[in-house]
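Worksheet: one structure, shown below.
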Amino acid sequence: MPSPTPPATIAAPAPPATQSPEPPIPLSAWVLLLVLATIWGTSFILMKKGLAVFSPLELGATRVTVAALLLLPFALRHVGKVEKSRFKWLLLSGVVGTLIPAFLFAYAETRLASGLAGVLNALTAVFTLVVGALFFGQRLTGLRVLGIGLGLAGTVVLMVLGGSGGAATPAGEGNAWYGLYIVLATIGYGVSVNVIKHHLQGIPPVAVTGLLLLFIGGPAVVFLLLGTDFLHKLATALGAWTAFGYIALLATLSTAVAMVLFNKLIHQSTALFASSNTYLIPVVALGWGVLDGESFNLWHVLGMVIILVSVAIIHRAR
């Protein structure tokens with residue numbers, strides 16, 4: 001989602017109610033789906049590895065800085081082609097959908113297992129619907145309300161009954177309430193999705209991501225270089241370059257590469273099929289967490305299942 005940026009920032013239009021039979025999904029689309037789920041599901045363990053050396057503030061600022069520099073050529077190519085009246089929406093989407101979540105996820109993973117962070121990221125679908133209903137006139141049906149309720153119930157089960165996932169965190173101890181940082185981040189993702197859907201239609205996805213990173217990248221760079229110990233740690237701390245490599249890989253894969261692959265997947269299949277990566281990302285994230293020594297219990301399984309059922313209901317409800 002995840003966020004880095006987050007997969008949630010690209011909202012595909014819903015298919016018409018009546019459609020002719022769709023062609024079979026090609027094998028290449030299945031391969032792309034698995035590759036995307038692997039990339040986005042791996043982002044949570046990459047954050048955890050970056051936090052082994054850098055603080056949450058340093059990780060968030062580095063992540064945004066690297067992503068902004070990576071997509072700077074695309075931003076410069078499109079900045080003159082977008083109406084200035086849309087700049088405020090790009091800035092809003094960048095702040096609430098990329099900049100703030102980058103710090104919130106980093107803070108969360110100091111005391112919350114990375115696998116559980118990946119599961120909670122699926123709440124993006126829930127809060128996209130909630131924000132759409134509250135501020136953008138999206139219709140709430142009985143099934144959609146049920147999906148929202150189940151998503152919140154699954155979050156309670158995961159955090160309150162399941163716990164933080166053990167002490168295998170950068171802080172050396174767990175605190176399940178740090179999952180609330182991710183809840184806040186997914187609310188930001190929900191706002192961003194709706195802003196893009198209602199105010200940034202017609203702008204290519206690469207341009208949207210590049211431009212919103214252009215607007216937030218400058219402050220991130222200044223803060224990283226002047227407001228943190230990033231450069232000092234990079235020069236002196238043991239393992240700093242390895243940790244920086246994890247963060248750079250996170251920014252590169254989750255922003256540029258995944259975005260290109262996601263758009264290709266939509267062209268090769270359908271929006272519904274492409275969105276099914278939502279169900280695979282938590283599985284990948286939990287798998288990496290278990291391999292890294294994070295504890296995982298039946299309450300976590302139950303919470304994940306409830307959240308994913310809620311997402312399925314929201315995706316299919318009309």
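Bear in mind the structure is a predicted one, so any value in this text is a computation, not a measurement.
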Heavy atoms of G163 and L116 approach each other most closely as O-CD1, 3.4 Å
Got a donor-acceptor contact below 3.5 angstrom from the T98 side chain to the V95 backbone? no
Does F87, at its CZ atom, have more than 12 non-hydrogen atoms belonging to other residues, nucleotides or ligands within less than 6.0 Å? yes
Could you tell me whether the side chain of S43 and the main chain of W40 form a donor-acceptor pair under 3.5 Å? yes
When rounded to the nearest 0.5 angstrom, what is the spacing between OG in S310 and CD1 in I148? 9.5 Å
Can you measure from CD1 (I306) to CG (L158) and round to the nearest 0.5 angstrom? 9.5 Å
Looking at R139, is its backbone amide N or carbonyl O close enough to the side chain of R144 to form a donor-acceptor pair, meaning the two atoms are under 3.5 Å apart? yes
Evaluate the side chain to side chain contact (heavy atoms under 4.5 Å, CB included) criterion for residues V160 and W177: first the C-alpha distance (whole Å), next the side-chain angles of each, then the deciding distance (0.1 Å), finally the verdict. CA-CA 8 Å; V160 177; W177 293 107; 4.2 Å; yes
Just wondering, do T228 and S55 contact through their side chains at under 4.5 Å, heavy atoms? no
Please round to the nearest 0.5 Å and tell me the distance separating atom CG of L76 and atom CG of L72. 4.0 Å
Any idea how F223 and F103 line up, ring-wise: parallel (<30°), tilted (30 to 60°), or perpendicular (>60°)? perpendicular
What's the shortest heavy-atom distance between T278 and A122, and which atoms? CG2-CB, 4.4 Å
Atom of P170, atom of L51 and distance for their closest heavy-atom approach: CG-CB, 3.7 Å
Keeping the roles fixed (side chain from R86, backbone from Q201), state whether a donor-acceptor pair exists under 3.5 Å. yes
For A207, is there any backbone N or O sitting under 3.5 Å from a side-chain donor or acceptor partner on H78? no
May I ask you to test the L112-N175 pair for a side-chain heavy-atom distance under 4.5 Å? no
Do you reckon L212 sits in the same ILVMFWY cluster as L70, going by side-chain contacts under 4.5 Å, direct or chained? no
Common cluster, L69/L71, ILVMFWY with side-chain heavy-atom separation under 4.5 Å: no
Which is it for L261 and I39 under the side chain to side chain contact (heavy atoms under 4.5 Å, CB included) test, yes or no, and what are the steps along the way? CA-CA 10 Å; L261 294 180; I39 289 174; 4.0 Å; yes
Provide the closest heavy-atom pair for L57 versus Y107 in the form atom of the first, atom of the second, distance. CG-OH, 3.5 Å
Tell me, do Y178 and T169 make a side-chain contact under 4.5 Å, heavy atoms counted? no
Nearest heavy-atom contact between F44 and A285 is CD1-CB, 3.8 Å
Might you point out which heavy atoms bring A185 and F105 nearest each other, and give the distance in Å? CB-CE1, 3.5 Å
Any side-chain to backbone donor/acceptor pair from T124 onto N121? Under 3.5 Å, distance only. yes
Whether H199 side chain and I196 backbone form a donor-acceptor pair below 3.5 Å: no
Calculate, to the nearest 0.5 Å, the distance between atoms OH and NE2 belonging to Y279 and H315 respectively. 5.0 Å
Could you go through the side chain to side chain contact (heavy atoms under 4.5 Å, CB included) check for I247 and L46 one step at a time? CA-CA 7 Å; I247 301 171; L46 292 175; over 6 Å; no
Can you confirm whether K49 sits close enough to D292 that some side-chain heavy atom of one is under 4.5 Å from a side-chain heavy atom of the other? yes
F54 ring center within less than 6.0 Å of F230 ring center: yes
Atom CG of L291 with >12 non-hydrogen neighbours under 6.0 angstrom: yes
Whether the side chain of N194 engages the backbone of T128 through a donor-acceptor N/O pair (distance < 3.5 Å, no angle test) should be reported. yes
Just verifying a value: how many Å separate T209 OG1 and I203 CD1, rounded to the nearest 0.5 Å? 10.5 Å
Kindly indicate whether the side chain of M47, heavy atoms from C-beta on, has any atom under 4.5 Å from the side chain of L59. yes
To the nearest 0.5 angstrom, please state how far the CG atom of L152 sits from the CG atom of L123. 7.5 Å
For L200 and L90, run side chain to side chain contact (heavy atoms under 4.5 Å, CB included): C-alpha distance rounded to whole Å, both residues' side-chain angles, the deciding distance at 0.1 Å, then the answer. CA-CA 8 Å; L200 298 174; L90 286 163; 3.8 Å; yes
Set out, in order, the CA-CA distance, both residues' side-chain angles and the distance that settles side chain to side chain donor-acceptor pair (under 3.5 Å) for S192 and S93, then state yes or no. CA-CA 5 Å; S192 179; S93 179; 2.7 Å; yes
Given side chains that start at C-beta, do those of V157 and H300 come closer than 4.5 Å, heavy atoms only? no
Test side-chain hydrogen bond (donor to acceptor under 3.5 Å, both in side chains) applied to S114 and K48, E109, E294, the passing residue: E294
With a 4.5 Å limit on heavy-atom distance, are the side chains of L286 and V283 in contact? no
In terms of heavy-atom contacts, does OH of Y246 have more than 12 from other residues, nucleotides or ligands at under 6.0 Å? no
Any N297 side-chain heavy atom under 4.5 Å of V301 side chain: no
